[in-house]
Amino acid sequence: MSDTKTNGRIDVDPVAFADRLLIWYDRHRRAMPWRALPGEAPDPYRVWLSEIMLQQTNVATVVPYFTRFVERWPTVADLAGADLDEVLTAWAGLGYYVRAHSLHKCAQVVAAGRNGGFPVDPAALMTLPGIGPYSAAAIAAIAFGQRAAAVDGNVERVIARVYAVEDPLPGVKARLAALAGDLVPAGRSGDYAQALMDLGATVCTPRNPACTICPLVPWCRGCRQGCAADLPRRAVKAPRPIRHGIAFWIMRRDGAVLLRRRPGEGLLRGMMEIPSTPWRDTAWALEEAALEAPLPLTWRSLPGVVRHPFTHFHLELTLATAKAGVRADVRGVWVPLAKLEEHALPSVMRKVVSHALHRAY
DNA sequence: TACGCGTGGCG
DNA sequence: TCGCCAAGCGT
């Protein structure tokens, strides 16, 4: 037996656990643009940038964004010197846009600091915008070799299975973090953090975990009990309501379309949008919606609906279109069709553009 | 503590 | 098609 039950708690030997995991990691290490090669010193700027982008976001999605960012802004000082709107435009499509605001702010704080570099320990990192408990620990471990437990969704899942924790998330978060903290080895902290996350992403997956090839099987109570795939348990979530709106696709005679910037707080903060009615629980009639339009024009409904799922509601947008004169005076910015990509349009608004272009004529 | 905050992939 | 889930943070 590799573990013993004591006081209802499984006792895992941390040294053997970490050794086995690191051997697996050395064999299966996946190259990623922000990862240093073995023996190479990591770049804290790239580690930080990747960790912010990877918050609730898959590796495959992040890679092209990360590459564009470091090509355009190779150092934290470069990023600090960029305009916020440039950063928002480069971030467009990645989601959770408050991260882009925090990223820019954090770069400015760090670049203006005494040594122009990132702080080294988790507590100091936590004081920076956009860096919470997970990111602070991950950056400290990966960039600076500190012994810190980076506990993300992957690690929570692995730990819940190893210890067969039946209590549901999010209530059990603190306990999982404590268990994870007890297992962090003294050496190779960065490799250990990345190994545990890689294992969660590729072997100890949410559904159909590959227990037959898992290096942690000797210690995994969830696997032995056959309940690994059911863990971690989660509290039931409230159903997402549907909200409705009408978006106004306004084409000027010279071929430009009206965009406007969303407020600096709330959903899609600071991003550009096709103007629309407020998004509410009931559908809009066109005559009623016209009162919310940026200009008093003659509207025509386009067939079809643009659907987009947000975290806490589903949006259904229909489109109304109209033509405006070149002298139309309105709050917003007129953008030629060919230049829409140069603006910070979130995915839902790209869907609106696509829908309008396919249905308008 | 619980909620607001995007998007894409997968079964 | 749909619900779940992802290298979470801020309030």
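Taking atom CG of A:Leu176 as the reference point, atom P of C:dG8 lies 14 Å away to the nearest angstrom. Atom P of nucleotide C:dA6 and atom CD of A:Glu156 are separated by 8 Å, given to the nearest angstrom. Taking atom CG of residue A:Leu169 and atom P of nucleotide C:dC5, one finds them 10 Å apart after rounding to whole Å. A:Met126 places its CE atom 12 Å from the C1' atom of C:dG8, with the value rounded to the nearest Å. Between A:Ile131 atom CD1 and C:dG8 atom C1' there is a gap of 12 Å when expressed in whole angstrom units. Between A:His312 atom NE2 and C:dT11 atom P the separation is 16 Å, expressed in whole Å.
For A:Asp26 and A:Arg188, the salt-bridge test passes: some basic side-chain N is under 4.0 Å from an acidic carboxylate O. In this structure, A:Arg261 pairs ionically with A:Asp85, as a charged nitrogen and a carboxylate oxygen lie closer than 4.0 Å. Residues A:Arg35 and A:Asp198 are paired through a salt bridge, judged by an N-O separation under 4.0 Å between the basic side chain and the carboxylate.
In the model, A:Thr61 has no side-chain atom that pairs as donor or acceptor with a side-chain atom of A:Asn58 under 3.5 Å. At a cut-off of 3.5 Å, with distance as the only test, no side-chain donor of A:Arg99 or A:Gln55 sits close to an acceptor on the other residue.
Protein chain A touches strand DNA chain B; the 5'-most and 3'-most nucleotides with an atom under 4.0 angstrom of its non-hydrogen atoms are B:dG4 to B:dC10.
Within the nucleic acid shown, A:Met32 comes within 4.0 Å of at least one base atom, counting heavy atoms only. A:Gly266 comes within 4.0 angstrom of sugar-phosphate atoms only, judged by non-hydrogen atoms across all strands, and of no base. Residue A:Arg157 is classed as a sugar-phosphate contact, given heavy-atom separations below 4.0 Å to backbone atoms only. Here A:Pro309 lies in heavy-atom contact (under 4.0 Å) with a base.
A heavy-atom distance below 4.5 Å is found between the side chains of A:Trp279 and A:Leu317. Within the 4.5 Å cutoff, side-chain heavy atoms of A:Pro215 are placed close to those of A:Leu199. You'll find the side chain of A:Thr202 reaches within 4.5 Å of the side chain of A:Arg30, heavy atoms only.
Here the side chain of A:Trp91 pairs no donor or acceptor atom with the backbone of A:Tyr97 at under 3.5 angstrom.
Remark: the separation of the P atoms in C:dC4 and B:dC3 is 16 Å, to the nearest Å.
Comparing A:Gly171 and A:Thr311 against DNA chain B, the residue whose closest nucleotide sits nearer the 5' end is A:Gly171. Residue order along DNA chain C, read from the 5' end via each residue's closest nucleotide, puts A:Arg240 first among A:Arg240 and A:Val155.
Proximity of residues 92-106 of chain A to DNA chain B (heavy atom under 4.0 angstrom from any strand atom) is restricted to A:Gly93, A:Leu94, A:Gly95, A:Tyr96, A:Tyr97. Contacts between residues 37-47 of chain A and DNA chain B, counted as heavy-atom distances below 4.0 Å, involve no residue at all.
Ring geometry for A:Trp34 against A:Phe66 counts as perpendicular: the plane angle is over 60°, on a 0 to 90° scale with 30° as the lower cut. A:His308 and A:Phe310 have perpendicular rings, their planes meeting at more than 60° on a 0 to 90° scale where under 30° would count as parallel.
The cluster map of Ile, Leu, Val, Met, Phe, Trp and Tyr, joined by side-chain heavy atoms under 4.5 Å apart, puts A:Tyr96 and A:Leu315 in different clusters.
In this model, the phosphate group of C:dG8 is approached by a side-chain N or O of A:Gln56 to a distance below 4.0 Å at OP1 or OP2.
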